[in-house]
Amino acid sequence: MISLSKMVLKERRDVFLSILLGFLAGAGAVSLFANSGYLISVAAISPPFFIITISIALLQLFSATRALSRYGERLVSHRATFTMLSNIRVHFFSRIEPLASSLSQRFRSGDLLARIVGDVESLQNYFLRVWYPPVVMVTIFLGTTFFLSFFSWQIAVIVVIGVAITGGVIPAIFSIRQRRVASTIRKERGHLSTEATELLYGYRDLKLHQRLEQKEKELLEQSDVYVSEQGVQGARRVFNVSFNQSVTLLVSWVVLLIGSLLVSGDQLDGVFLAMMVMVSLTVFENAAPMAAYPSYKEDSKRATERLEEVTELEGMPEGTEKPTAFSVTLDHVSFAYENRATLKDISMHIKEGENVAIVGASGSGKSTLLQLILRMIAQASGHVKLGNNDLVTLKEEAVWERTNAILQDQHFFFGTVRDNLLLAKSDVTDDGLTSVLAQMQLPFSLDDTILERGENLSGGERQRLAIARALLRKNEARLWLLDEPTSAIDAVTEATVLNHIREASEGDTVLFVSHRIRGLETWDRIAVMDHGRLVEYGTYEELMQKQGYFYELKSIEDSLFGV
Ligand SMILES: Nc1ncnc2c1ncn2[C@@H]1O[C@H](COP(=O)(O)OP(=O)(O)OP(=O)(O)O)[C@@H](O)[C@H]1O
């Protein structure tokens, strides 16, 4: 799904500039120290004054080059990194957006959050710590070896061997070891995030059931596992870097030793010895990041795998067409959550403009039916049509644009009543907003604060505010899908609220899941569901005359209300 190399190459201008500036900074550092070594040695043998002057001028030039290039390299490479990160984020979100409804079935919210935030974020290391260091190291070493070969091929060979060991062999060994121990840090972070979210969501219930302490203990245990895994990862990185640095120092000692032998054998001018040692000390600085390369590489790989687990879920294929008519047809439709058959062979036709109530026992599949028409889930078999269009040919957004859906769990955002109403339609005046609040008999002012998830509202107020949002869209919507929108509202207010809904939806197709049988006399037709099947479908009179399941439900309700 995420081809990381492709993401890197998309920013090729900045990538090229980073490499160029990184090379200049590295080469500047090597030249600076080479020149210092030469200057110290040559000064001791009283050379002509102009040599000292030129050498000091070069010293200043190299130090300015090094500082400016390093600054430029940091600027450009970080710009490239963050642009890549934002591209990855956009790419990832565009992939998971159509999967939104199936994600909650596969992943717990904490784990999903850890993947969406943490794993995506960790990919910022891919360019900076996996892709970039070997490229810059190789270019600097090639330049340095070429330079050294003018003075002594033996020293050049030692440096090449040193690079091969510290930049190739040691990281390769670390890489194999890293794969074997298979860091579980990402997985543990997902577990920790899951536990923390559960505790926060369920805080009140845990407290009521006196289970808070136990849950906190589990969370702390999970946190300890994560912290210790982090410790192991950190220690491994520090060990790798220190070990690699020790080897580079050893190489510099070998350069000093061989250089001294060459000087004493008159194969190298002694004035260059200090320069060569300084070069070897500096050039290996560029091999240091290679020690951390395996752990970052493995980390990026694991993060990508975890993101792929999310994106590989099958979503519903996105259609392209817009609905033009709003009759609803279900033709032998079946649906199963995992292996549990939830809707079984349902066929029904709702004419455009018809108002249909759906009733049935809890768990009989009423909400699932509405979700299917909303394209939030896909049927396993059969066809669902809006007008003459099969739902699979329709664009999701185009369906939602023309639909007023009130599902069972409505979300409210932290903000004012006004903010939460304008979510439905942004160009309504305050008068328009106040008018729908009045219709819903809500005693709020537009500036009243709504807490996250509507925590400061009663269940009935939440439902009325959701209906107020739907009423604002009455001119756009041609299809209304209402899932027990008034279940928490008292009977007197409910009658008024329903009247407003009926009025606003006049001429539109309405599917209304109802928890009550009373009051359904005025609906065009009634669909009765039982255990995932549509067991009865007809007008109120037809169903009452039939004296079947609906009649039975009505009798039970009447006896409960003492009618
Ligand atoms: N996300 C889900 N994953 C798995 N099973 C689900 C999911 N949502 C609902 N179900 C199951 O599907 C069946 C039908 O649920 P649905 O919500 O459609 O029933 P309902 O008739 O609307 O019930 P209620 O009147 O209680 O709201 C139930 O057995 C339920 O347990």
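The shown structure was predicted, so the numbers you read here are calculated from the model rather than taken from an experiment. Order of listing sets the numbers, starting from 1, for every ligand and every atom in it.
- Shown here for His349 and Arg525, the closest heavy-atom pair between the two residues is O-NH2, 3.8 Å.
- A cation-pi arrangement is absent between Arg502 and Trp480 under the rule of less than 6.0 angstrom and at most 45 degrees off the ring axis.
- At least one heavy atom of Gly365 sits less than 4.0 Å from an atom of ligand 1.
- Within the 4.0 Å heavy-atom criterion, neither part of His515 lies near ligand 1.
- The ligand atoms of ligand 1 that sit less than 4.0 angstrom from a heavy atom of Gln408 are 27 (O).
- Side-chain contact check for Thr493 and Asp490: at least one donor-acceptor pair (N or O, by modelled atom type) lies under 3.5 Å.
- When heavy-atom distances to ligand 1 are checked against a 4.0 Å cut-off, Arg340 comes that close only through its side chain, counted from C-beta outward.
- Numbered from 1 in the order shown, with element, the atoms of ligand 1 that lie under 4.0 Å from a heavy atom of Thr368 read 14 (C), 15 (O), 16 (P), 18 (O).
- Looking at Thr342 against ligand 1, only its side chain comes within 4.0 Å, counting heavy atoms.
- For the pair Glu542 and Lys546, the salt-bridge criterion is not met [side-chain N within less than 4.0 Å of a carboxylate O].
- Contact annotation: Gln371 has no heavy atom less than 4.0 Å from any atom of ligand 1.
- Within ligand 1, counting atoms from 1 as listed, the ones closer than 4.0 Å to a heavy atom of Ser367 are 17 (O), 18 (O), 20 (P), 22 (O), 27 (O).
- Residues satisfying the side-chain hydrogen bond (donor to acceptor under 3.5 Å, both in side chains) criterion with Lys425, sequence neighbours excluded, are Asp427.
- Residues that satisfy the side-chain hydrogen bond (donor to acceptor under 3.5 Å, both in side chains) test with Asp419, not counting sequence neighbours, are Thr416.
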